[in-house]
Amino acid sequence: MNPEKKRALSIFKTLGKRYPSADCELDFTNPFELIVATVLSAQCTDKRVNLVTPPLFKKYPTPKKMASAKILDLEEMVRTTGFYHNKARNIQMLSQKLLTDFDGEVPSTLEELITLPGVGRKTANVVLGHAFGVPGITVDTHFGRLSRRFGWSDSEDPVKVERDVMELIPEKEWTNLSQRLIWHGRRICHARKPACGACPLISLCPSYGIGETDKIEAMKLVKPDSAFR
DNA sequence: ATCCCGAGGG
DNA sequence: CCCTCTGGAT
């Protein structure tokens with residue numbers, strides 16, 4: 001086993017112990033709720049999404065109900081997740097498209113998923129992995145930052161990062177690894193103020209102590225009394 | 001006051 | 001490649 005692979009695997013094992021699946025953000029039981037929640041989660045904390053989704057799904061539990069919602073009501077209900085104008089329109093148009101093009105079901109291929117409004121590669125991969133059990137690596141910007149930091153890929157291109165990480169990790173682990181890394185990126189290893197005190201990866205992290213909070217090239221320095229020492 | 005960082009469109 | 005959309009966290 002080459003050293004790079006060994007390192008990636010030891011990081012995964014550390015994360016696996018620290019973050020059981022139940023603690024991760026994606027706790028939706030049906031594909032419709034999952035895809036809507038994932039659209040809403042774009043550039044938004046999972047805390048905000050988790051506040052907004054229970055009343056949303058109580059009122060609009062199916063594509064059919066959401067397709068005929070009042071757009072202003074959808075906007076109001078998802079407002080605090082940011083970009084609410086786009087998101088409300090997207091989840092409604094997405095619902096309508098599920099009805100017209102997919103018999104009211106969430107499709108299960110990448111090609112079909114990315115035709116839905118508000119669904120890009122990241123959202124599609126989340127749905128494939130968690131609603132349909134299709135093994136895959138989901139690269140969001142948190143994953144991208146961690147990949148950059150730990151040297152899993154020499155590329156910034158998410159598709160290339162996906163392929164490179166797939167070579168480091170057994171297929172069986174892809175979905176869980178993605179979920180745990182994204183969770184770790186959102187809750188611990190933010191770009192802004194990483195919670196290094198709560199991070200299980202300190203001993204492996206090439207950035208710890210340097211004050212580097214985002215791109216390695218950027219080498220942003222923070223004050224000594226903040227998260228980094 | 002600045003930055004977060006997914007999707008879509010130019 | 002570039003830019004915009006937004007509330008919230010810092």
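Naming convention: chains lettered A, B, ... in sequence-line order (proteins, then strands); numbering from 1 in each chain. All values below come from the heavy atoms of this structure, side chains included, with hydrogens, waters and symmetry mates left out.
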Given 3.5 Å as the limit, does a donor-acceptor pair link the side chain of His190(A) with the main chain of Arg186(A), or not?
yes
Counting only side-chain heavy atoms from C-beta out, which of dT6(C), dT2(B), dC5(B) sits nearest to Tyr84(A)?
dT6(C)
Run the ring pair (Phe, Tyr, Trp, His ring centres under 6.0 Å) test against Tyr60(A) and tell me which residues pass, sequence neighbours left out.
none
Between P of dT6(C) and CG of Leu40(A), the distance in whole Å
14 Å
N/O (side chain, Thr45(A)) to phosphate O (OP1/OP2, dC4(B)) under 4.0 Å
no
Atom-pair distance (CE on Met77(A); P on dG7(C)), nearest Å
17 Å
Between NZ of Lys87(A) and C1' of dT4(C) the distance, given in whole Å, is 14 Å
Taking OP1 and OP2 of dC4(B), is either one under 4.0 Å from a side-chain nitrogen or oxygen of His190(A)?
no
Between Arg121(A) and Glu162(A), is there a side-chain N and carboxylate O pair less than 4.0 Å apart?
yes
Ile182(A) CD1 - dC4(B) P separation (whole Å)
18 Å
Picking from Thr138(A), Val127(A), Val139(A), what satisfies side chain to side chain contact (heavy atoms under 4.5 Å, CB included) with Lys122(A)?
Thr138(A)
Thr14(A) side-chain N/O to Ser10(A) backbone N/O, donor-acceptor pair under 3.5 Å:
yes
Out of dC5(B), dT10(C), dG8(C), which has the shortest distance to the side chain of Ala191(A)?
dC5(B)
Between dC5(B) (C1') and Glu156(A) (CD): distance, integer Å
13 Å
Between Glu156(A) and Arg148(A), is the salt bridge (charged side-chain N to carboxylate O under 4.0 Å, His left out) condition met? List the steps.
CA-CA 8 Å; Glu156(A) 299 281 316; Arg148(A) 227 181 279 127; 3.3 Å; yes
Given atom CZ of Arg187(A) and atom C1' of dC5(B), what is their separation to the nearest angstrom?
18 Å
Separation of Asp140(A) atom CG from dC4(B) atom C1', in whole Å?
12 Å
Report the distance from atom CZ of Arg89(A) to atom C1' of dT4(C), rounded to the nearest whole Å.
12 Å
What I want to check is whether the side chains of Glu112(A) and Thr109(A) have a donor and an acceptor closer together than 3.5 Å.
yes
Check this for me: does the side-chain of Arg192(A) come within 3.5 Å of the base of dC3(B) through a donor and an acceptor?
yes
Mind listing the N/O atom pairs, protein and nucleotides 7-10 of chain B, below 3.5 Å?
from, atom 1, to, atom 2, distance (Å)
dA7(B), OP1, Gly120(A), N, 3.1
dA7(B), OP1, Thr123(A), N, 3.0
dA7(B), OP1, Thr123(A), OG1, 2.5
dG8(B), OP1, Gly118(A), N, 2.6

